[in-house]
**Q** 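One structure, pasted below without further comment.
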Amino acid sequence: MAEKFIFESTKIEQIKDHYDVVIIGSGGAGLTSAIQAYELGLKPVILEKMDKIGGNTTRASSGMNAAETSIQLDHKIVDSFEDFYDETFVGGGKKNNPELLKFFTEHSVLAIDWLSHHGIKLDDLTITGGMKTMRTHRPSSLAPIGGYLVTELLKYIAKYRIPLFSGIKVSELLTEKGHIIGIKADAQKEYVIKTKAVVLATGGFGAGKDLLAKYRSDLLNLRTTNQPGATGDGISLAQSVGAKLVDMDQVQVHPTVQQDTPHAFLIGEAVRGEGAILVNNSGLRFVNELDTRKNVTKAIDDLGGTGAYLIFDSNIRKRVKAIEFYDHVGLVETGQTITELSDRINIDPKVLDNTVKNWNIIVRNHDDNDFGRTTGMERDVSNGPFYAIHIAPAVHYTMGGVVINHKTQVLNKDEQIIKGLFAAGEVAGGLHGNNRIGGNSIAETIVFGRQAGQQVFKYIQG
Ligand code: ADP
């Protein structure tokens with residue numbers, strides 16, 4: 001068996017006072033831009049404020065969207081950049097930044113190939129809400145994508161000996177005549193590091209009470225799926241050097257989060273993508289489960305605040321490895337029959353049995369007259385044991401952030417480039433419009449992480 005890979009951050013004593021590029025944040029965007037920059041010959045450093053590496057990326061579960069990939073063709077799926085663009089655009093309320101969305105959709109396949117060249121294989125496909133075709137790539141082990149991706153990217157950070165310091169928080173960007181010349185960071189003491197360029201890969205503010213209070217105080221009482229470091233530091237850093245912000249009030253509330261324990265666990269969209277249905281407290285379906293996150297959340301909210309249940313069977317469970325984990329930590333109710341399951345979740349067995357039977361007919365005929373669902377219908381809910389997970393909406397993702405162009409250059413209020421400042425991943429705003437499609441955030445970190453690495457190289461070359 002292969003030895004388990006354990007990554008160790010660089011010892012803080014080894015920190016230098018100069019690097020070609022400082023990358024702030026160790027999630028998907030930060031790790032990718034560092035690897036890309038290094039492969040172009042630069043000397044990057046990654047600074048991560050938390051002790052734990054990987055940011056919210058480690059929590060991503062469903063997969064990575066991309067179109068026109070050879071993996072799709074292997075599965076006999078003929079897709080197009082246009083469809084990927086259009087479905088993301090409609091899902092985002094047609095508010096997405098077209099320049100970013102075009103670059104994103106057209107480079108998604110290159111991102112899949114780049115990962116593959118680095119031994120990161122996403123050979124299986126699933127689907128997420130708002131998409132019409134299978135373009136959510138995931139590991140064939142069916143494991144959640146986030147942990148897998150971060151571990152595999154860290155293997156390259158280790159192989160290339162790219163310094164990655166954790167427990168060090170960047171607190172200031174230093175500029176001279178309008179361009180970036182360095183940063184200040186705090187660990188046990190303050191460090192001043194000179195650099196030619198900075199990549200903000202600091203993630204969003206889904207755990208940032210101050211920014212949420214400023215832009216979406218109505219969400220302050222909701223739980224969050226975010227790691228505690230997701231406080232929007234990159235947004236404040238960028239603002240301090242004149243960056244423009246966009247869509248700051250666009251915060252995604254994820255519909256299916258189990259929150260009956262002290263933790264809030266996101267139940268990945270792949271569970272519905274592989275066939276689960278949602279029922280209310282009376283055991284009735286109430287929504288197209290694979291509508292966009294925004295719409296499914298609204299339908300659950302309209303039930304009156306007690307959440308809903310995901311219902312699925314053992315065949316669906318086999319298609320999503322994360323369910324083993326959900327069960328392990330006590331989030332899953334089990335019944336050998338639908339009647340037994342109904343008893344466990346206090347729903348009238350006759351009603352739930354009828355709902356499931358009716359759903360199975362809908363799957364057979366591929367015709368959902370009730371709610372118009374057209375995807376995630378490859379298998380029905382008929383093979384016991386049967387399972388239920390109680391879910392309710394929680395804060396998940398911040399669509400707004402720093403304004404960038406498709407080169408990941410950060411723009412100021414006059415839409416001029418701030419020289420030497422780049423941003424990639426959740427910290428940047430505009431790509432997703434008013435609703436992010438599941439599977440697009442991981443794709444965003446790789447597409448724009450690579451782009452940031454390349455553009456920094458070009459910038460430094462002059
Ligand atoms: P993305 O998906 O866009 O890559 P993630 O949430 O996965 O974003 O990762 C962002 C990382 O940036 C997190 O690990 C977070 O702790 C880190 N981070 C945020 N602010 C700072 C800061 N001021 N200094 C250093 N690291 C930061």
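This is a predicted model, so every value here is computed, not measured. All ligand and atom numbering here is 1-based and tracks the order in the structure. Computed from heavy atoms alone, side chains included, the values below leave out hydrogens, waters and symmetry copies.
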**Q** Taking atom CD as the centre, does Glu8 end up with more than 12 heavy-atom neighbours from other residues, nucleotides or ligands that are less than 6.0 angstrom away?
**A** no
**Q** N/O of Ala424 under 3.5 Å from N/O of ligand 1, yes or no?
**A** no
**Q** Do any heavy atoms of Val427 fall under 4.0 Å from ligand 1?
**A**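 It does not, in that no heavy atom of Val427 comes within the 4.0 Å cut-off of ligand 1.
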**Q** For ligand 1, does Asp233 get within less than 4.0 Å through its side chain, its backbone, both, or neither, judged by non-hydrogen atoms?
**A** side chain
**Q** Quick one: nearest non-hydrogen protein atom to atom 26 (N) of ligand 1, plus distance?
**A** Lys49 N, 3.0 Å
**Q** Which of the numbered atoms in ligand 1 are under 4.0 angstrom from any heavy atom belonging to Gly55?
**A**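 The list of qualifying atoms is 5 (P), 6 (O), 7 (O), 9 (O), 13 (C), 14 (O).
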**Q** Could you identify the single nearest non-hydrogen protein atom to atom 24 (N) of ligand 1 and state the distance to 0.1 Å?
**A**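 Scanning the protein heavy atoms, the shortest distance from atom 24 (N) of ligand 1 goes to Val170 N, 3.0 Å.
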**Q** Testing Asn434, Leu212, Leu222, Asp218 one by one against Val251 for a side chain to side chain contact (heavy atoms under 4.5 Å, CB included), which residue passes?
**A** Leu212
**Q** Return the residue, atom name and 0.1 Å-rounded distance of the protein heavy atom closest to atom 12 (O) of ligand 1.
**A**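 The closest one turns out to be Gly25 CA, 3.2 Å.
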**Q** Report, in ascending order of atom number, the atoms of ligand 1 lying under 4.0 Å from any heavy atom of Gly425.
**A**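 Within the 4.0 Å cut-off of Gly425, ligand 1 contributes 3 (O).
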**Q** Hey, does Gln227 sit under 4.0 Å from ligand 1 if you only count heavy atoms?
**A** yes
**Q** So for Ser26, does at least one of its heavy atoms come nearer than 4.0 angstrom to any atom of ligand 1?
**A** yes
**Q** When you measure from the side chain of Arg223 to the backbone N and O of Ala394, does any donor-acceptor pair fall under 3.5 Å?
**A** no
**Q** Should the heavy atoms of other residues, nucleotides or ligands under 6.0 Å from NE2 of His75 be counted, would the total exceed 12?
**A** yes
**Q** List the closest protein heavy-atom neighbour of atom 8 (O) of ligand 1: residue, atom name, distance to the nearest 0.1 Å.
**A** Gly203 CA, 3.5 Å
**Q** Looking at Asp249 and Arg216, does any basic side-chain N land under 4.0 Å from a carboxylate oxygen?
**A** no
**Q** I want to confirm something. Looking only at heavy atoms, which of Lys169, Met50, Glu48 is nearest to atom 15 (C) of ligand 1?
**A** Glu48
**Q** So which protein heavy atom does atom 19 (C) of ligand 1 come closest to, and at what separation?
**A**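 Looking only at protein heavy atoms, the one closest to atom 19 (C) of ligand 1 is Thr202 O, 3.4 Å.
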**Q** Using a plain distance cutoff, I'd like to know if Glu426 has any nitrogen or oxygen under 3.5 Å from a nitrogen or oxygen of ligand 1.
**A**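 Yes; at least one N/O pair falls below 3.5 Å.
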**Q** For ligand 1, is Gly234 a contact, meaning one of its heavy atoms is under 4.0 Å away?
**A** no
**Q** Parallel, tilted or perpendicular: which describes the rings of Phe265 and Phe325, with under 30° parallel and over 60° perpendicular?
**A**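 Answer is perpendicular, since the angle exceeds 60°.
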**Q** Hey, does the side chain of Ser171 reach the backbone of Lys184 with a donor-acceptor pair shorter than 3.5 angstrom?
**A** yes
**Q** Mind telling me whether Tyr160 and Tyr38 have parallel, tilted or perpendicular rings, with 30° and 60° as the class edges?
**A**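 Geometry flag for Tyr160 against Tyr38: parallel rings.
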**Q** Could you tell me if any non-hydrogen atom of Gly54 lies under 4.0 Å from any atom of ligand 1?
**A** yes
**Q** Judged by atom type as modelled, is there a donor-acceptor pair below 3.5 Å linking the side chain of Glu48 to the main-chain atoms of Ser26?
**A** yes
**Q** So does Lys194 pair up with Asp17, basic N to acidic O under 4.0 Å?
**A** no
**Q** Salt bridge check: are Glu324 and Arg317 linked by an N-O gap of less than 4.0 Å?
**A** yes
**Q** Where's the contact between Asn56 and ligand 1, heavy-atom distance under 4.0 Å: side chain, backbone, both or neither?
**A**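 It is both parts that get close, each with some atom under 4.0 Å.
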**Q** Do you know which two heavy atoms are closest between Val21 and Leu42, and how far apart they sit?
**A** CG1-CD1, 4.4 Å
**Q** Counting heavy atoms only, which part of Ile168 comes closer than 4.0 Å to ligand 1: side chain, backbone, both or neither?
**A** backbone
**Q** Any carboxylate oxygen within less than 4.0 angstrom of a Lys/Arg side-chain nitrogen, looking at Asp186 and Lys169?
**A**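 Looking at Lys169 together with Asp186, the answer is no, because their closest N to O distance does not fall below 4.0 Å.
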**Q** How far is atom 7 (O) of ligand 1 from its nearest protein heavy atom, and which residue and atom is that?
**A**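 So the nearest neighbour among protein heavy atoms is Thr57 OG1, 2.6 Å.
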**Q** Under a 4.0 Å heavy-atom limit, does Ala201 contact ligand 1 with its side chain, its backbone, both, or neither?
**A** backbone
**Q** For ligand 1, which atoms sit closer than 4.0 Å to a heavy atom of Ile24?
**A**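 Near Ile24, meaning under 4.0 Å from one of its heavy atoms, ligand 1 has 22 (C), 24 (N), 25 (C), 26 (N).
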**Q** How far is atom 4 (O) of ligand 1 from its nearest protein heavy atom, and which residue and atom name does that atom have?
**A** Ala29 N, 3.0 Å
